[in-house]
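Because the structure is a prediction, the values reported are computed rather than measured. Below, each value reflects all heavy atoms present in this structure, side chains not excepted, and no hydrogens, waters or symmetry copies.
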Amino acid sequence: MIFALFDSVAQEYDDTFTNTAIGKLQRERVWNYLEATLPNTSINILELSSGTGEDAIWFANKGHTILATDISEQMISIVKKKIKRLNLTNNIDAERLDINQIDKLSTSNKFDLVFSNFGGLNCLTEDELSLLSNKIRNILKPNGKFISIVMPDFCMIESIYFLFILKFKLIFRRKRMQQVKINDSIIDTYYHHPKDFFKFFRNDFTVNNKIGIGLFIPPSYLNNFFKNKLNTLNILNKLENIFGNNDFAASLSDHYLIDLNIKQ
């Protein structure tokens, strides 16, 4: 079962991504966008594939109310421990939920924002994404937003790395579904060009914006390679901030942020 796959990495997720130099830089780009986009007043947020709750905590510290959901019981367990430790129980609720079952939420509340970070939606098939569009629309308020961070079908800096280490067959690996190994298990992962991804949601949403997340900041699996090259990472981050805020960058980055509004 897919939830067991993510249960197996829950305890190490913060060490292998959240708290790494690359993980922090990529998440900082997402947060900077949200900071500039979301209202200063409190809003009601549903987070899909919340992982260990770093984004939920950030939202809560900005005064928002969040329902953090994830398919992994272990991930949700970690979120609940963080909520209690940080005294954020008034701002964050957490429950285990499969993305495909968001129409079965334990609450009937409507949301101002549905948010999914770092490739949770890349685990869904095309049919599942098509069905998700209307489900998300139905739980949003009339002027609601859907912001997700998705992995595209080509990553420039990843391909340069594979070229550098002479692994030519991997340069275009994202052009097809990949069976990604998680500990001793495999999960099917699907990559989508931003235009192709939007096709699943165009009946219910319009595009507000797209930006790159990882045009120059490398993928997280290269963290060991860069952990002693922080000056290089800082230079790459500066290049990212200059050149990454457009549609073209979105199609070439490790991830892209796509900001959708409900179609009126």
Side-chain angles (χ1 to χ4, degrees), residues 26-41 43-50 55 58-59 62 64 66 69 99-100 102-103 110-157 174-175 177 189-217 240-264:
Q26 289 205 6
R27 198 181 296 273
E28 183 180 76
R29 272 191 62 74
V30 176
W31 288 352
N32 286 343
Y33 183 87
L34 294 171
E35 180 84 49
T37 303
L38 298 183
N40 294 324
T41 55
I43 62 173
N44 196 22
I45 300 168
L46 171 65
E47 183 177 7
L48 308 176
S49 299
S50 65
D55 295 307
W58 184 85
F59 283 127
K62 296 295 179 180
H64 304 305
I66 309 96
T69 68
I99 292 177
N100 294 310
I102 64 169
D103 51 342
K110 297 283 187 176
F111 298 92
D112 300 284
L113 169 67
V114 172
F115 175 75
S116 179
N117 208 352
F118 293 127
L121 299 183
N122 289 93
C123 298
L124 302 187
T125 66
E126 292 186 359
D127 288 343
E128 288 170 335
L129 286 173
S130 296
L131 292 172
L132 183 64
S133 178
N134 192 248
K135 291 177 183 179
I136 290 176
R137 182 186 179 115
N138 288 339
I139 61 175
L140 280 171
K141 294 178 183 178
N143 294 315
K145 276 184 172 291
F146 171 39
I147 297 177
S148 58
I149 291 78
V150 184
M151 291 182 285
D153 59 352
F154 183 77
C155 173
M156 178 185 71
I157 197 163
R174 295 191 185 198
K175 293 296 182 182
M177 183 271 288
T189 304
Y190 306 86
Y191 302 91
H192 309 284
H193 187 280
K195 288 183 179 178
D196 294 331
F197 180 79
F198 176 63
K199 288 178 182 177
F200 301 117
F201 299 91
R202 63 186 176 187
N203 290 336
D204 300 295
F205 295 90
T206 59
V207 178
N208 179 52
N209 202 3
K210 290 175 283 188
I211 68 168
I213 306 293
L215 178 64
F216 289 98
I217 301 169
E240 177 104 6
N241 290 329
I242 295 171
F243 297 107
N245 302 313
N246 54 72
D247 285 9
F248 186 64
S251 66
L252 297 176
S253 299
D254 182 35
H255 294 79
Y256 57 87
L257 181 151
I258 182 166
D259 178 350
L260 305 180
N261 296 328
I262 282 186
K263 184 179 287 188
Q264 300 299 321

Trainee: Does K110, at its NZ atom, have more than 12 non-hydrogen atoms belonging to other residues, nucleotides or ligands within less than 6.0 Å?
Mentor: yes

Trainee: Drop me the distance from R29's CZ to N32's CG, to the nearest 0.5 angstrom.
Mentor: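 One gets 8.0 Å once the value is rounded to the nearest 0.5 Å.
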
Trainee: Go through it in stages, so that I can follow the logic: the residues are L121 and L132, the test is side chain to side chain contact (heavy atoms under 4.5 Å, CB included), and I'd like the CA-CA distance, side-chain angles, deciding distance and then a yes or no.
Mentor: CA-CA 10 Å; L121 299 183; L132 183 64; 3.8 Å; yes

Trainee: For the side chain of Q264 and the backbone of P142, is there at least one donor-acceptor N/O pair under 3.5 Å apart?
Mentor: yes

Trainee: Taking the side chain as every heavy atom from C-beta outward, state whether K141 and I262 have any pair of such atoms under 4.5 Å apart.
Mentor: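 No, too far: nothing below the 4.5 Å cut-off.
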
Trainee: Relative to each other, are the rings of F201 and F197 parallel, tilted or perpendicular (30° and 60° limits)?
Mentor: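 Geometry flag for F197 against F201: tilted rings.
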
Trainee: Test side-chain hydrogen bond (donor to acceptor under 3.5 Å, both in side chains) on D259 and N209; report intermediate values, then the result.
Mentor: CA-CA 5 Å; D259 178 350; N209 202 3; 5.9 Å; no

Trainee: Check for a donor-acceptor pair, side chain of T125 on one end and backbone N or O of E128 on the other, with a separation under 3.5 Å.
Mentor: yes

Trainee: Under 3.5 Å, is there a donor-acceptor pair between the side chain of N122 and the main chain of M151?
Mentor: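 A pair under 3.5 Å: yes.
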
Trainee: Would you say the side chain of H192 lies within less than 4.5 Å of the side chain of F200, judging by non-hydrogen atoms?
Mentor: yes

Trainee: Is the side chain of E240 donor-acceptor paired with the backbone N or O of L215 at a distance under 3.5 Å, no angle test?
Mentor: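 It does hold such a pair.
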
Trainee: Might you point out which heavy atoms bring G212 and S253 nearest each other, and give the distance in Å?
Mentor: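 For G212 and S253, the tightest heavy-atom pair comes out as CA-OG, 3.3 Å.
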
Trainee: Answer whether the closest heavy-atom distance between the side chains of L124 and N100 falls below 4.5 Å.
Mentor: yes

Trainee: Return the CG to CG distance between N138 and D204, rounded to the nearest 0.5 Å.
Mentor: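 Separation between the atoms: 7.5 Å.
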
Trainee: Restricting to non-hydrogen atoms, name the atom on D153 and the atom on R174 that form the minimum distance, rounded to 0.1 Å.
Mentor: O-CB, 3.3 Å

Trainee: Apply side chain to side chain contact (heavy atoms under 4.5 Å, CB included) to W31 and D55, showing your working.
Mentor: CA-CA 8 Å; W31 288 352; D55 295 307; 2.8 Å; yes

Trainee: Which atom names give the shortest non-hydrogen contact between A249 and G244, and what distance separates them?
Mentor: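 Residues A249 and G244, closest heavy atoms: CB-O, 3.4 Å.
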
Trainee: Which atoms form the tightest heavy-atom contact between G120 and S49, and what is the distance?
Mentor: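 Answer, listing the atom of G120 first, then S49: CA-OG, 3.7 Å.
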
Trainee: Given side chain to side chain contact (heavy atoms under 4.5 Å, CB included), test F198 with K210 step by step and report yes or no.
Mentor: CA-CA 11 Å; F198 176 63; K210 290 175 283 188; over 6 Å; no

Trainee: Picking from T41, I43, L113, N44, what satisfies side chain to side chain contact (heavy atoms under 4.5 Å, CB included) with H64?
Mentor: I43

Trainee: Main chain of T69, side chain of S50: is a donor-acceptor contact present, judged purely on distance under 3.5 Å?
Mentor: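 Between the backbone of T69 and the side chain of S50 there is a qualifying donor-acceptor contact (under 3.5 Å).
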
Trainee: Can you tell me how far apart CG (L257) and OG1 (T37) are? Round to the nearest 0.5 Å.
Mentor: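 Here the interatomic distance stands at 8.0 Å.
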
Trainee: Can you check whether K263's main-chain N or O pairs, donor with acceptor, with R137's side chain at less than 3.5 Å?
Mentor: yes

Trainee: Please report the interatomic distance CD(E28) to CD(E35), rounded to the nearest 0.5 Å.
Mentor: 11.5 Å

Trainee: Could you state the interatomic distance from CD (E47) to CZ (F111), rounded to the nearest 0.5 Å?
Mentor: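 Here the interatomic distance stands at 11.5 Å.
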
Trainee: Please verify the inter-ring angle class for F205 with F146; under 30° counts as parallel, over 60° as perpendicular, anything in between as tilted.
Mentor: tilted

Trainee: Minimum heavy-atom separation for S251 and H193, please, with both atom names.
Mentor: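 Closest approach of S251 to H193: CB-NE2, 3.5 Å.
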
Trainee: Quick one, V207 with L260, criterion side chain to side chain contact (heavy atoms under 4.5 Å, CB included). Give me CA distance, side-chain angles, the key distance, then yes/no.
Mentor: CA-CA 5 Å; V207 178; L260 305 180; 3.8 Å; yes

Trainee: In Å, rounded to the nearest 0.5 Å, how long is the span from CG of D103 to NZ of K135?
Mentor: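 With rounding to 0.5 Å, CG (D103) is 4.5 Å from NZ (K135).
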
Trainee: Any side-chain heavy atom of V30 sitting closer than 4.5 Å to one from F118?
Mentor: yes

Trainee: Quick one: are I217 and D254 in side-chain contact, heavy atoms under 4.5 Å?
Mentor: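 The answer is no; the side chains never approach within 4.5 Å.
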
Trainee: Would you confirm whether S133, through its side chain, and S130, through its main-chain N or O, come within 3.5 Å as a donor-acceptor pair?
Mentor: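 Side chain of S133 to backbone of S130, a donor-acceptor pair under 3.5 Å: no, none is there.
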
Trainee: Taking C-beta and beyond as the side chain, do K175 and Y191 meet within less than 4.5 Å on heavy atoms?
Mentor: no

Trainee: Report yes if some heavy atom in the side chain of F59 is under 4.5 Å from a heavy atom in the side chain of L38; otherwise report no.
Mentor: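 Side chain of F59 against side chain of L38, heavy atoms only: contact under 4.5 Å found.
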
